[in-house]
Amino acid sequence: MFPETRTRRLRNGKMRDLVRETSLSADNLIYPMFVDETITTSQMTESMPGVERLPLSKVADDAKEAADLGIPALILFGIPSHKDEHGSSAWGDEDIVQKAVREIKSELGKDMLVITDVCLCEYTDHGHCGMVNFEKGEVLNDPTLPLLGKTAVSHAKAGADMVAPSGMMDGMIGAIRSALDENNFPDIPIMSYAAKYSSSFYGPFRDVAESGCCFGDRSTYQMDPANSDEAMREVELDIMEGADIIMVKPALPYLDIIYRVKTEFRMPTAAYNVSGEYAMIKAAAQNGWLDEKKVMYESLLSIKRAGADMILTYFAKDMARILK
Ligand code: PBG
């Protein structure tokens with residue numbers, strides 16, 4: 001009790017450093033990259049200041065910049081020149097993501113882990129993450145699974161170090177694990193977007209990746225933000241199906257979920273600090289309302305403190321620069 005106990009004793013200078021419980025390291029950052037088959041020069045994005053869409057010719061340079069900053073991994077999203085009902089530009093050996101993976105791996109080899117987002121929404125003309133029955137206005141689960149398996153295998157063939165399925169189809173982790181194993185990729189890990197919420201914080205990403213839906217929304221497959229127990233079931237199922245790393249997405253409004261997932265499963269846990277979380281800080285900083293660097297640091301630190309081992313964030317390079 002006061003006055004014997006004074007918590008302020010440990011709050012100053014080196015003493016404060018000594019008792020710090022959580023720290024950020026570039027080792028924990030994953031850098032998201034957008035490669036666009038339709039462009040020849042880098043394009044700034046409107047809703048995510050500082051994030052660019054890159055032509056194939058620029059991906060290796062950008063990845064090298066991240067590697068030089070000490071970032072160990074990136075995650076690739078593709079924007080194809082051709083979209084159709086089945087998302088058929090997602091799995092060809094000469095499609096954009098497969099080319100970008102080869103480009104980056106041939107430049108950087110073991111110096112950069114290349115993770116690929118495995119989903120169909122950027123490749124389908126209707127913008128949904130799976131096959132669609134238009135008459136019923138339904139997104140079909142089971143017919144989507146082999147396509148996801150095929151896509152993951154094509155990424156592994158191109159040299160991807162890990163695949164990250166984000167489509168929230170039931171059984172997708174098992175389907176991808178079997179497809180990888182059958183095609184001689186038993187050592188390629190899966191980072192599952194296990195607890196992915198149907199969130200309005202993805203808005204800026206959908207502008208950048210041109211992946212908005214034409215009818216309905218993604219709430220028939222992504223989770224209800226009101227649910228927490230359900231996230232535990234999603235994570236448990238994905239672990240049983242073979243997920244190596246599990247992800248919670250978004251991050252900041254879902255710190256309770258990150259905490260629960262880490263505490264209950266003790267698995268390598270990732271959190272996705274999504275486009276809307278990034279855009280809010282950027283917008284407030286541009287208005288002079290928030291100190292961008294400090295708020296970025298505090299946000300990422302808080303995600304780590306909640307239990308995330310690694311963070312996918314558009315701030316990856318900025319953060320790594322500060323840590324350096
Ligand atoms: C694709 C995918 C999305 C994001 C990552 N992978 C969009 C979505 O589900 O609508 C969102 C990332 C972000 O907002 O930063 N399924």
Side-chain angles (χ1 to χ4, degrees), residues 29-36 45-53 74-80 83 87 89-90 96-97 115-124 126-132 139 141 144 147-148 151-152 155 162-170 172-173 176 190-225 234 245-254 270-283 296 299-300 303 308 310-316:
L29 301 174
I30 300 174
Y31 174 55
M33 270 174 66
F34 297 94
V35 55
D36 186 339
T45 59
E46 190 98 338
S47 50
M48 295 171 72
V51 173
E52 289 181 327
R53 281 191 281 170
L74 59 80
I75 181 162
L76 261 181
F77 296 93
I79 300 146
K83 301 191 186 213
S89 304
I96 188 64
V97 162
I115 307 168
T116 52
D117 185 82
V118 176
C119 195
L120 299 178
C121 62
E122 291 119 41
Y123 305 89
T124 51
H126 46 74
H128 276 294
C129 302
M131 294 303 92
V132 162
V139 177
N141 195 87
T144 303
L147 304 182
L148 293 175
T151 302
H155 292 173
M162 177 152 73
V163 294
S166 64
M168 288 296 279
M169 294 296 128
D170 288 328
M172 76 179 177
I173 302 304
I176 289 173
I190 300 175
M191 176 164 76
S192 169
Y193 288 66
K196 178 172 176 178
Y197 286 86
S198 178
S199 169
S200 300
F201 285 95
Y202 307 151
F205 173 96
R206 289 178 190 165
D207 293 342
V208 174
E210 296 171 357
S211 65
C213 314
C214 67
F215 70 86
D217 55 26
R218 302 204 210 284
S219 60
T220 64
Y221 40 105
Q222 297 181 349
M223 283 182 56
D224 183 344
E234 282 283 1
I245 298 176
I246 46 188
M247 194 199 297
V248 174
K249 177 186 174 192
L252 287 176
Y254 297 85
Y272 202 139
N273 178 227
V274 303
S275 55
E277 300 172 52
Y278 175 84
M280 287 197 300
I281 292 177
K282 283 284 176 184
M296 163 184 79
S299 301
L300 298 178
I303 294 167
M310 62 200 94
I311 307 170
L312 297 87
T313 178
Y314 304 99
F315 286 119

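Start at 1 and go down the list; that is how both ligands and their atoms are numbered. Worth saying up front: this structure is predicted, and the values here are computed from it rather than measured.
Each of the following atoms of ligand 1 lies closer than 4.0 Å to a heavy atom of Tyr314: 12 (C), 13 (C), 15 (O). The atoms of ligand 1 that sit less than 4.0 Å from any heavy atom of Asp117 are 6 (N). Those atoms of ligand 1 that come under 4.0 Å of a heavy atom in Cys121, given as number and element, are 1 (C), 16 (N). Annotation for ligand 1: atoms under 4.0 Å from non-hydrogen atoms of Gln222 are 8 (C), 9 (O). Per-residue contacts place Lys249 under 4.0 angstrom from the following atoms of ligand 1 (heavy atoms of the residue considered): 2 (C), 3 (C), 4 (C), 5 (C), 6 (N), 11 (C), 12 (C). Atoms of ligand 1 found under 4.0 Å from any heavy atom of Lys196, numbered from 1 in the order shown, are 1 (C), 2 (C), 3 (C), 6 (N), 8 (C), 9 (O), 16 (N). Listed by number with element, the atoms of ligand 1 under 4.0 Å from a non-hydrogen atom of Phe77 are 5 (C), 6 (N). In the vicinity of Tyr272, heavy-atom distances shorter than 4.0 Å reach the ligand 1 atoms 12 (C), 15 (O).
The cationic group of Lys249 lies under 6.0 Å from the six-membered ring centre of Tyr202 and within 45° of the ring axis, placing it in a cation-pi geometry.
To the nearest 0.5 Å, the span separating CE on Met168 from OG on Ser198 amounts to 9.5 Å. Atom CE of Met247 is separated from atom CE of Met191 by 4.0 Å, given to the nearest 0.5 angstrom. Going from atom NZ of Lys83 over to atom OH of Tyr123 covers 9.0 Å, rounded to the nearest 0.5 Å. Between the CG atom in Leu300 and the CG atom in Asn273 there is a gap of 5.5 Å [rounded to 0.5 Å].
The nearest protein atom to atom 14 (O) of ligand 1, hydrogens excluded, is given as Ser275 OG, 2.7 Å; this is a heavy-atom distance.
Looking at Ser166 next to ligand 1, an N or O pair under 3.5 Å apart turns up.
Heavy-atom contacts from other residues, nucleotides or ligands closer than 6.0 Å to OH of Tyr193 number more than 12.
Within the set Tyr197, Tyr221, Phe205, Tyr278, the minimum heavy-atom distance to atom 7 (C) of ligand 1 is found for Phe205.
Close placement of the Phe205 and Phe77 rings is indicated, their centers lying within 6.0 Å of each other.
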